[in-house]
Amino acid sequence: FHNPNCADGRHTITHLFEWKWSDIAQECERFLGPYGYCGVQVSPPNENRVVTSPNRPWWERYQPVSYKLVTRSGNDQQFRDMVDRCNRQNIRIYVDVVMNHMTGSGGSGQGTGGSQWDGNSLSFPGVPFSSWDFNDASTCSTSDLNIHNYQNVQEVRNCRLVSLLDLRLSKDYVRTKVTEYLNYLIDIGVAGFRFDAAKHMWPEDLRVITGQLKNLNTKYFPSGSKPFIYQEVIDMGNEPIKMSEYFGTGRVTNFIYGAKLSPVFRNQNQAKWLVNWGEGWGMPSSTDVIVFIDNHDNQRGHGAGGAVLTFRDSRRYKMATAFMLAHPYGFTRVMSSYYWDVNYVNGNDANDWIGPPTNGDMSIKDVIVNSDLSCGNGWICEHRWRQIYNMVAFRNVVFGTSLVNWWDNGNYQIAFSRGNKGFIVFNLESYNLNTRLQTGLPAGQYCDVISGNYDNGACTGSSVIVSSDGTANFYIPASAEDPMIAIHIGAKV
Ligand code: AAO
């Protein structure tokens, strides 16, 4: 379950948060395929609660009503069309799977697919699940059945996360229903899953469920391929539940990564310490994690880590992302967001619930793309920023090489090579960088893929001359739009 199942030479996924299936299908064809991405994490595709107060928040999609594929992102047929068209472009689809719980307790109504649900009687006929399929006072010992104490493992796994009705995954019937859903997605042609709230599920239950998964669809994947699984476990080191408990059923989301890298690129912790970034910073083995700067939760103050960089701090964010993509540690995910107006009240964003850009009828707006590759209609599309997509390509080119030729100025200027295939320099000082450095690259002229593109054998931005001894002079003014330079053998003039 640790192998991402990327097509050859592709090594990064992007989370197209709240995008419609029809837009993702087009994005695979017009951008993700040509620009070297491996795949897309999509928002939960199964029927969810319709929340109207507040009006259609993004988080309604984390309250399942059934496993029918009907949401604001599209229906079953549109989902299938997306998976097929993306796979044809060698772009994989990874599904965000919510199987720890159903809706919040209380309330009732119809889901996005028309199924009835009742959060008082615990009735979900669209699956069907009923009250005996949920944890209750026999398994959870808190008086209101909610989780209050993250130091208590039983409570975290058997009680309700923010009052969400907690499925009894120890039961065969519940496991079977969930497994049927996952196998249904596998048959359609998805490449893997994000397991939402994995911390709140017992590793043993996940072991049984994943043990019943089919191999991937041989229309798109080599026979015998297992789904890629990455499990959302927030482990910052201060709770009894550990990421390592989940390595048997796949990788985990490494939240320490963005939480510790962001302060470096905010000039709050010297960049020179990144010399042993990765396992050296107490993080799990590279092949057990997926890594990212921000995710859909912590970019708006939910989940772990309040201080991660996001698109709102774009200059620093591009540098942190470039570092992530240049560095060999972990399987990389790039966040792709939509815009909302923040409104801080007592340190919290009162607008943290705001959903994706919508039309008057609350349907999700199309993603518009401009000629400069940026997006419109409120979609930020970080994955389309030149400094980011060119580093996705950098990672593809240097993949498998090790980090060598580390250099730092003892403070906030750093540089390193990836074998003899790529080299990157950062200047986080308030003064200019002007230094001759060993790049490890063959002699020649290379495009700086940060300030421009490699286009028809020429550079649209600046270029770097590497001499026969492998060294080159780098000049990065502190005031540069992006104070970093990256070169690689795939962009040689
Ligand atoms: C909504 C409403 C609720 C309502 C509920 C039911 O907001 O008021 O009760 O409906 O009606 C998302 C939203 C929720 C939303 C939910 C359902 O974020 O607001 O609730 O949809 O619509 C924990 C979990 C983690 C979870 C995270 C948000 O462990 O799994 O909370 N993330 C996933 C999804 C997320 C989704 C769900 C799960 C539910 O990515 O989008 O919720 O499907 C500590 C713990 C963490 C814990 C956090 C937050 O973290 O360690 O495990 O995450 O607290 O409670 C430092 C520490 C760090 C600590 C952090 C925050 O960084 O180092 O350990 O501080 O204290």
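This chain uses plain numbering: 1 for the first residue, then up along the sequence. Counting convention: from 1, in listed order, for ligands and their atoms alike. Because the structure is predicted, anything quoted here is derived from the model rather than measured.
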Arg61 and ligand 1 - part of the residue with a heavy-atom distance under 4.0 Å: neither
Check: Phe255 ring centroid to Phe292 ring centroid under 6.0 Å: yes
Within 6.0 angstrom of Asp361 CG, more than 12 heavy atoms from elsewhere: yes
For Trp58, atoms of ligand 1 separated by under 4.0 Å from a heavy atom: 12 (C), 13 (C), 18 (O), 41 (O)
Part of Arg194 within contact of ligand 1 (heavy atoms, under 4.0 Å): side chain
Enumerated ligand 1 atoms positioned under 4.0 Å from heavy atoms of Asp196: 33 (C), 34 (C), 37 (C), 38 (C), 39 (C), 40 (O), 43 (O)
Proximity winner for atom 54 (O) of ligand 1, if only heavy atoms of Trp59, Phe255, Tyr150 are counted: Tyr150
Tyr389 and Phe31 aromatic centres sub-6.0 Å: yes
Arg168 bridged to Asp136 by N-O distance under 4.0 Å: yes
Interfacing atoms of ligand 1 (cut-off 4.0 Å, heavy-atom, Lys199): 45 (C), 46 (C), 51 (O), 52 (O)
Close N or O approach (Asp297, ligand 1; < 3.5 Å): yes
Proximal atoms of ligand 1 relative to His101 (non-hydrogen, under 4.0 Å): 39 (C), 43 (O)
Closest candidate by heavy atom, reference atom 42 (O) of ligand 1, pool Tyr62, Trp353, Phe195: Tyr62
Asp133/Lys171 ion pair, N-O < 4.0 Å: yes
All side chain to side chain donor-acceptor pair (under 3.5 Å) counterparts of Asp96, not counting sequence neighbours: Tyr62, Arg194
Ligand-residue contact atoms, ligand 1 with Ala197, heavy atoms, under 4.0 Å: 30 (O)
Atom indices of ligand 1, in the order listed, that fall short of 4.0 Å to a heavy atom of Glu239: 44 (C), 45 (C), 51 (O), 64 (O)
Atoms of ligand 1 close to Asn238 [distance to a heavy atom under 4.0 angstrom, numbered from 1]: 63 (O), 64 (O)
Contacting atoms of ligand 1, where contact means under 4.0 angstrom from a heavy atom of His200: 24 (C), 29 (O), 30 (O)
Heavy-atom nearest option to atom 3 (C) of ligand 1, drawn from Val233, Asp235, Val162: Val162
Pairs involving residues 380-390, ordered by first then second residue, that meet salt bridge (Lys or Arg N to Asp or Glu O under 4.0 Å) (sequence neighbours left out): Glu27-Arg384
Enclosure of Phe399 CZ (heavy-atom neighbours >12, cutoff 6.0 Å): no
Trp281 atom CH2, over 12 foreign heavy atoms within 6.0 Å: yes
